[in-house]
Novice: 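Handing you this structure, nothing more for now.
These values consider heavy atoms only, across backbone and side chains, with no hydrogens, waters or symmetry-generated copies. The sequence lines fix the lettering, A, B, ..., with proteins before strands; numbering per chain opens at 1.
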Amino acid sequence: MNDEKNSVREEKLLRLEEELGIDPYPASCLESKPISKIRDAGETEDSVIASGRLTGKREHGKTVFADLRDGTGSIQLYLSKKILSDRDWSVLGLLDLGDIIQVKGSVFTTRMGELTIRCEEIELLCKSLRQLPVVKVDSLGVAHDEVTDRDYLYRHRCVDLQVNPDSLDRFVKRSRIISTLRSYLDSSGFLEVETPVLQPLYGGAAAEPFETRYGSMNQQFYLRIATELYLKRLIAGGIDKVYELGKDFRNEGVDRTHSPEFTQLELYEAYADYNVMMDRFEEMICAAAGAAGQSNSIIYQGTEFDLTPPFRRIVFMDSLRDASGEDLFSWEPEDLRKLMDEKGIITQANDRITMLDKLFDHYVAHRIQQPTFVIDYPEELSPLAKHKKESSGVTERFEVFLGGLELANAFSEQNHPLLQRRILKEQADASMHRKGDLDDDFLYALETGIPPTGGMGIGVDRLVMILTDTGKIRDTILFPHLRRNEK
RNA sequence: GCGUCCCUAGCUCAAUUGGCAGAGCAACGGACUCUUAAUCCGUAGGUUCCGGGUUCGAUUCCCGGGGGGCGUACCA
């Protein structure tokens, strides 16, 4: 591909090697100073060494101005035929945008007021053979010729990160958010664990799994859709505070807020309940916002949100009743169906509880803006949650919504082994996919006994969306899935 | 899965009713000792996503395929 284009650079590569005797891919280089630190230190007569990628070149005969960028920042280079050796001047003539170089020189300010390294020596560290898009930013900060081909950028994230500073910044923030979640949990006494990604049975959520074949066992396995049932085994084992941060896989549709491979944080805390989980969520999102350089007041897609605890709490059934103006829970399925048709809510579901859930999405969930805990979900929607004693038909469960996005799901865990078995059995029998398979080992763990426990799952990619003002989940994932492009 | 829009040079985009496929940036050659979207002169660069069809003639119209964007459905 692009053989013609690349041959120009390959020719330069050959000339560097053969005419100048230069190794275009040396194994080592001198220790260099981060460009941000050089900028902070300002002008100096002492020589500094900087390394990075050549991102701009402005030639003026015997003088060349260039831009050098490393992971910390960017700085201008001043290269003069008078200062450089003949060898280095020749090397300069064979450099392209994208090459990685090392320079040594003093730091001064040009007449135009730009902090600049007056290069005494240059060394090629890596010749770039691929011509990348050139995005120029003018004096007003407006980017010109920005790459708009999303396909190209998703397929070559290395280009995206080089060319779009916003993209790089988003992934840096993602990393900081994740490490902040970890340190919050670690310092709160939680133990991080790893449970199987490949599972002989899948559970802990209602989703279509990816299936795979385990050759040496000669058995069908599944990629996990949740970590829940394994983490509760560990609660049974006496790890009272436990969490796992990793990928779950759901073989379902892709849209703005769903990715089949996504990152979830699940945590379980013995001797706690869903009220404790609400406190933890509030603390974690505030800490994560700080990690992303935000205060408790954030802007997401043009709207301001206040993360200051405590968040609003609304009851599932009440909120649906208030928003719809009807007591939908007493309605027959046919009437619910009729209402949904009137409202233009398209769904394949026809059973009462699923339709109520859809109506909840329509009337309540998608309209929630400021951070809100929706509490006390119906039992039928929450097979792994503990039933609320004082009222019938609901569980100690909540979901967190913000800006219309579901961010987390939590409950006081169901720990009654016989009740849990019955619920899972009924569900398995009714399910198309599960084919009646019960996770007996999980139920065995419950039978050994687990204490009252609060658990929560947080959608990390969505949290990153909110805290980095990103509209699409795909833009928070470094390498989103794409079809193979066979030309 | 369904609907809809898109695919032209390395990148961003043009191309009249269907009539020789162009420009800016990048690249190449040249000029230039403080520029910063450097400037000036010149050069080269194309399987118009792929395959068929209609036509004297297709980037353009039709059919099929591929990839992508957006919306939507499934996702306790």
Novice: Are any of A/R111's side-chain N or O atoms less than 4.0 Å away from OP1 or OP2 of B/C34?
Specialist: no

Novice: Strictly distance-based, threshold 3.5 Å: is any side-chain N or O of A/E396 a donor or acceptor partner for the main-chain N or O of A/Y274?
Specialist: no

Novice: With a 4.0 Å cut-off on N to O distance, would you call A/D440 and A/R421 a salt bridge?
Specialist: yes

Novice: Nearest to the side chain of A/D255, which nucleotide is it out of B/C75, B/U33, B/A76?
Specialist: B/C75

Novice: Would you indicate, yes or no, if B/G67 has its OP1 or OP2 atom less than 4.0 angstrom from a side-chain nitrogen or oxygen of A/R484?
Specialist: no

Novice: What nucleotide among B/U36, B/A27, B/C75 has an atom nearest to a side-chain atom of A/V8?
Specialist: B/A27

Novice: Is a donor-acceptor contact shorter than 3.5 angstrom present between the side chain of A/S80 and the base of B/U33?
Specialist: no

Novice: Looking at the side chain of A/V147, which of B/C34, B/C75, B/U12 is the nearest nucleotide?
Specialist: B/U12

Novice: Below 4.0 angstrom, N of the basic side chain to O of the carboxylate: do A/K57 and A/D96 qualify?
Specialist: no

Novice: Strictly by Watson-Crick or wobble contacts shorter than 3.5 Å, is anything paired with B/U33, and which nucleotide is it?
Specialist: none

Novice: Let's see if you can work this out: which of B/A27, B/G69, B/A37 has an atom nearest to the side-chain heavy atoms of A/R150?
Specialist: B/G69

Novice: So for A/H258 and B/C75, does any side-chain atom that can act as donor or acceptor lie under 3.5 Å from a complementary atom in the base?
Specialist: yes

Novice: Quick one: the side chain of A/E380 and the base of B/A76, do they pair up donor-acceptor inside 3.5 Å?
Specialist: no

Novice: Using the side-chain heavy atoms of A/D357, tell me which of these nucleotides is nearest: B/U33, B/C74, B/A76.
Specialist: B/A76

Novice: Taking the C1' atom of each, how far is B/U17 from B/U12, in whole Å?
Specialist: 28 Å

Novice: Is any NZ, NE, NH1 or NH2 atom of the basic residue among A/D88 and A/K104 found under 4.0 Å from an Asp or Glu carboxylate oxygen of the other?
Specialist: no

Novice: Given that A/K62 and A/T148 both sit by RNA chain B, which one's nearest nucleotide is further toward the 5' end?
Specialist: A/T148

Novice: What integer number of Å spans the C1' atoms of B/G45 and B/A21?
Specialist: 13 Å

Novice: For B/G51 versus B/U59, give the span between their P atoms, rounded off to a whole number of Å.
Specialist: 12 Å

Novice: Which base, if any, makes a Watson-Crick or G-U wobble pair with B/G64, both distances under 3.5 Å?
Specialist: B/C50

Novice: Assess whether a salt bridge exists between A/K232 and A/E228, defined as any Lys/Arg side-chain N lying under 4.0 Å from an Asp/Glu carboxylate O.
Specialist: yes

Novice: I want to verify a distance call: between B/U12, B/C75, B/G67, whose nearest atom is closest to the A/R155 side chain?
Specialist: B/G67

Novice: Students often get this wrong, so: under 4.0 angstrom with heavy atoms, is A/K57 touching a base, only sugar-phosphate, or nothing?
Specialist: nothing

Novice: Answer with base, sugar-phosphate or nothing: what part of the nucleic acid does A/T110 contact at a heavy-atom distance below 4.0 Å?
Specialist: base

Novice: Which of the following nucleotides, B/A76, B/C28, B/C74, is nearest to the side chain of A/D96?
Specialist: B/C28

Novice: Under 3.5 Å, is there an N or O donor on one side and an acceptor on the other linking the side chain of A/Q76 and the base of B/U35?
Specialist: yes

Novice: Classify the nucleic acid contact of A/V159 as base, sugar-phosphate or nothing, counting any heavy atom under 4.0 Å across all strands shown.
Specialist: nothing

Novice: Using the P atom as the point on both nucleotides, what is the distance between B/A23 and B/A58, in whole Å?
Specialist: 23 Å

Novice: Taking for each residue the nucleotide of RNA chain B bearing the nearest heavy atom, is the 5' side occupied by A/A66 or by A/V134?
Specialist: A/V134

Novice: Contact class for A/D67 vs. all strands (heavy atom < 4.0 Å): base, sugar-phosphate, or nothing?
Specialist: nothing

Novice: Picking from B/G69, B/A76, B/U35, which would you name as closest to the side chain of A/K472?
Specialist: B/G69

Novice: Would you kindly check whether a donor in the side chain of A/Q131 faces an acceptor in the base of B/A27, or vice versa, at under 3.5 angstrom?
Specialist: no

Novice: Let's test your reading of the model: under 3.5 Å, does the base of B/U33 pair with the side chain of A/K81 as donor and acceptor?
Specialist: no

Novice: For A/F249, which contact category applies under a 4.0 Å heavy-atom criterion: base, sugar-phosphate, or nothing?
Specialist: nothing

Novice: Which of these nucleotides, B/C75, B/A37, B/C11, is closest to any side-chain atom of A/R250?
Specialist: B/C75

Novice: Would you mind telling me which of B/A76, B/C11, B/A38 lies closest to the side-chain atoms of A/P383?
Specialist: B/A76

Novice: Looking for any heavy atom pair under 4.0 Å, which part of the strands does A/N409 touch: base, sugar-phosphate only, or nothing?
Specialist: nothing

Novice: Does A/D151 get its side chain close enough to the base of B/G69, under 3.5 Å, for a donor-acceptor pair?
Specialist: no

Novice: Can you confirm whether A/R367 is buried at CZ, in the sense that more than 12 heavy atoms of other residues, nucleotides or ligands lie under 6.0 Å from that atom?
Specialist: yes

Novice: Quick check on B/U12: is either OP1 or OP2 less than 4.0 Å from any side-chain nitrogen or oxygen of A/K136?
Specialist: no

Novice: Need the pair for B/G71. Rule: Watson-Crick or G-U wobble, both distances under 3.5 Å, any strand; none if unpaired.
Specialist: B/C2

Novice: Across all strands, who's sitting opposite B/C56 as a Watson-Crick or G-U wobble pair, both distances under 3.5 Å?
Specialist: B/G19

Novice: Taking a pair as Watson-Crick or G-U wobble with both distances under 3.5 Å, which nucleotide is matched to B/G24?
Specialist: B/C11

Novice: Would you mind reading off the distance between A/L54 atom CG and B/A26 atom C1', rounded to a whole angstrom?
Specialist: 13 Å

Novice: Tell me whether the OP1 or OP2 atom of B/G68 has a side-chain N or O from A/R483 closer than 4.0 Å.
Specialist: yes

Novice: How far does the P atom of B/G19 sit from the matching atom of B/A37, given to the nearest Å?
Specialist: 40 Å

Novice: Rounding to a whole Å, what distance do you find between A/R256:CZ and B/C70:P?
Specialist: 9 Å

Novice: Salt-bridge test for A/K127 and A/E17: reply yes if a basic N is under 4.0 Å from a carboxylate O, no otherwise.
Specialist: no

Novice: Closer than 4.0 angstrom, basic N to acidic O: yes or no for A/K12 and A/D99?
Specialist: no

